[in-house]
Amino acid sequence: MQIRKSQLKDVEALGAFYDRVVFRLDEHNVNYPLWRYKIYPSVDFAREMTETGEQYICLEDGMIRGAFALNTDPQGNYSKGSWSRELPEGSYLVIHAFAVDPELQKKGLGSEILRFCKEETKAQGYHWLRADFVPDNIPARRTFEKNGFKYMGEADLDREDTGIPKFGLLELYI
């Protein structure tokens, strides 16, 4: 498995990957992250994150098998969280749109991605890695906690456009 930054030539395939993941979640009535087909994450999100150099893809035999964005933008009001340490925005990295191909779930790819995120966090000179999730997304929470993240409770992150009142918070000191 190769993990690398997404390139503009990857954007259409990446958008199709996210669409496939969301479609599969909806199809099996287990859309834990409450993602919306062709809305979030979408080809537009993939393009924006790729253009800023913050989108990553996991490739196996030339196929996208996982994807995520990694940046300093919490995309909400993280100051409302009960973190172990108050940190100014921009002093930690945040994982967004963390997705694994449904065919590869429970096979270690999520852990491989999180190991990469830890290494990338250190390589970029940060010591804190954070993420948020829909509280009912127990599989995501378990994956993060299995990889050393600490659950920090729930908070309203002022993301009115999502329709999700509170998000679960996770953090890891590296």
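If you read the sequence from its start, that first residue is 1, and numbering goes on from there. Given the structure is predicted, the values throughout are model-derived calculations rather than measurements. Computed from heavy atoms alone, side chains included, the values below leave out hydrogens, waters and symmetry copies.
- With ring centers used as reference points, Phe98 lies 6.0 Å or more from Phe68.
- The side-chain heavy atoms of Ile3 and Ile57, taken from C-beta on, include no pair separated by under 4.5 Å.
- No donor-acceptor distance shorter than 3.5 angstrom exists from the side chain of Arg130 to the backbone of Ile95, with no hydrogens or angles considered.
- Taking CG of Asp19 as the start and OG of Ser42 as the end, the distance is 7.5 Å to the nearest 0.5 Å.
- Counting only distance, with no hydrogens or angles, the side chain of Lys80 and the backbone of Ala155 share no donor-acceptor pair below 3.5 Å.
- Met1 has its side chain within reach of Leu109: a pair of non-hydrogen atoms, C-beta onward, lies under 4.5 Å apart.
- Under 4.0 Å is where a charged nitrogen must lie from a carboxylate oxygen, and between Glu103 and Arg65 at least one such pair does.
- Judged by distance alone, the side chain of Ser111 and the main-chain N or O of Gly108 form no donor-acceptor pair under 3.5 Å.
- Checking side-chain atoms of Asp101 against main-chain N and O of Gln105 turns up no donor-acceptor pair under 3.5 Å.
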| message | For Glu119 and Arg115: C-alpha separation, side-chain torsions, deciding distance, then whether salt bridge (Lys or Arg N to Asp or Glu O under 4.0 Å) applies. | response | CA-CA 6 Å; Glu119 291 170 11; Arg115 275 192 298 279; over 6 Å; no

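- Taking the centre of each ring, Phe116 and Tyr56 come in below the 6.0 Å mark.
- Hydrophobic clustering, defined by side-chain heavy atoms of Ile, Leu, Val, Met, Phe, Trp and Tyr closer than 4.5 Å, groups Tyr92 together with Leu34, Tyr78, Trp83, Leu87, Val94, Trp128, Val134, Met152, Leu157, Ile164, Phe167, Leu169, Tyr173.
- Heavy-atom contacts from other residues, nucleotides or ligands closer than 6.0 Å to NZ of Lys166 number 12 or fewer.
- Looking only at distances, no side-chain donor or acceptor of Glu171 sits under 3.5 Å from a matching main-chain atom of Phe149.
- A distance of 12.0 Å separates CG in Asn31 from CZ in Phe23, rounded to the nearest 0.5 Å.
- Counting only heavy atoms from C-beta outward, the side chains of Glu48 and Val11 never approach each other to under 4.5 Å.
- Using a distance-only test at 3.5 Å, with no hydrogens or angles considered, a donor-acceptor pair links the side chain of Asn71 to the main chain of Asp73.
- Taking every heavy atom of both residues into account, Ser6 and Leu14 meet most closely at OG-CD2, 3.9 Å.
- Between Pro41 and Tyr18, the shortest heavy-atom contact is CG-CD2, 3.2 Å.
- Inter-residue side-chain proximity for Arg47 and Glu12 is flagged as met; some heavy-atom pair is nearer than 4.5 Å.
- Using modelled atom types, no side-chain atom of Asn147 and backbone atom of Phe144 make a donor-acceptor pair closer than 3.5 Å.
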